[in-house]
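So the structure is just underneath, and the comments pick up after that.
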Amino acid sequence: MRISFDLFDLEPSYSSEILDYAFIICTMIHEFGHYLEMHNDQQSSLRGDSILKINSIVRKFKTMSESNAEREGAYVTEYAKTSWDEDFADTFAYFVLLDECPEPGVSILGDKVRLFYKYPEFVEIRESIRANIRKLGIHPNMSRDELKKLDIYPSTSDTN
Ligand SMILES: [Zn+2]
């Protein structure tokens, strides 16, 4: 038996689109954000507990996220409110997709994005993802047909 589904048919149960980029695009960048967040540059494991490294962006972000949780304009999506690490991943996607660095002090979200700009390795990763996005022809408000043509969908019904 073969189970087949189209990632396009997976409807998010929460608002998760960022800057009018399709759910699938936001999700891929979001998941990559988790990879960076869990990388051993950021945290280490001690007897099963994860310890956020001193001066890591993750540690600073967690403090910023948790201490501003109740404030207006602190989150890029509804989903980001679920925990600091989901906030990290969604804010990372927003940092990547947003064209310009926000002005300081305008919003909590803007200041969270500015935190990413303080880490050159994150700025470099951002540039690299954006270059690939341009190369693939990804832009906001893509139609289902345009997205299908990108050939980025792992399809379980393909026989390779
Ligand atoms: Zn996540």
Side-chain angles (χ1 to χ4, degrees), residues 3 5-46 48-99 101-102 107-133 136 138-142 144 147-148 150-156:
I3 296 171
F5 66 93
D6 184 336
L7 281 175
F8 224 122
D9 295 330
L10 296 176
E11 280 295 315
S13 56
Y14 39 79
S15 91
S16 58
E17 283 188 8
I18 296 169
L19 297 167
D20 297 321
Y21 282 88
F23 176 63
I24 183 69
I25 306 298
C26 297
T27 302
M28 283 193 280
I29 303 173
H30 171 107
E31 297 307 334
F32 188 66
H34 280 309
Y35 165 77
L36 297 171
E37 167 227 318
M38 287 184 267
H39 194 275
N40 56 18
D41 283 353
Q42 302 294 326
Q43 38 184 301
S44 49
S45 182
L46 187 66
D49 289 326
S50 57
I51 313 289
L52 306 181
K53 292 194 174 171
I54 307 282
N55 296 324
S56 67
I57 185 172
V58 167
R59 190 178 179 119
K60 288 187 181 159
F61 188 93
K62 180 177 190 270
T63 305
M64 211 170 173
S65 179
E66 290 178 344
S67 60
N68 292 294
E70 304 303 320
R71 308 231 344 235
E72 273 300 303
Y75 296 99
V76 62
T77 60
E78 282 299 304
Y79 189 59
K81 296 178 182 175
T82 57
S83 64
W84 76 265
D85 53 326
E86 296 308 341
D87 188 20
F88 183 91
D90 262 3
T91 307
F92 171 75
Y94 184 59
F95 158 71
V96 169
L97 295 171
L98 188 69
D99 289 337
C101 182
S107 69
I108 303 297
L109 174 60
D111 290 347
K112 285 178 188 170
V113 169
R114 292 179 61 83
L115 180 65
F116 285 93
Y117 277 97
K118 290 182 183 150
Y119 292 80
E121 64 274 29
F122 277 82
V123 173
E124 207 176 293
I125 290 165
R126 174 183 181 271
E127 285 310 312
S128 156
I129 296 174
R130 288 175 68 89
N132 282 317
I133 281 175
L136 288 165
I138 292 168
H139 58 82
N141 297 306
M142 291 178 79
R144 185 186 171 114
L147 284 162
K148 286 253 176 196
L150 289 175
D151 197 25
I152 55 170
Y153 288 89
S155 171
T156 51

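Both counts, for ligands and for their atoms, begin at 1 and track the order of listing. Starting from 1, each residue takes its place in the sequence as its number.
Scanning for ring-ring contact (aromatic ring centres under 6.0 Å, His included) contacts around His39 gives Tyr35, with sequence neighbours left out. The ring-ring contact (aromatic ring centres under 6.0 Å, His included) search around Phe95 returns Phe116, Tyr117, not counting sequence neighbours.
Using bins of under 30°, 30° to 60° and over 60° for the plane-to-plane angle, the ring pair Phe92/Phe122 lands in the perpendicular bin.
Protein atoms of type N/O/S that fall under 2.8 Å from the Zn ion (ligand 1) number 3 in this view.
Using a 4.0 Å cut-off between charged nitrogen and carboxylate oxygen, Asp90 and Lys81 do not count as a salt-bridge pair.
Sorted by first and then second residue, the salt bridge (charged side-chain N to carboxylate O under 4.0 Å, His left out) pairs with a member in residues 60-74 read Lys62-Glu66; sequence neighbours excluded.
The closest side-chain donor-acceptor pair between Glu37 and His34 falls under 3.5 angstrom.
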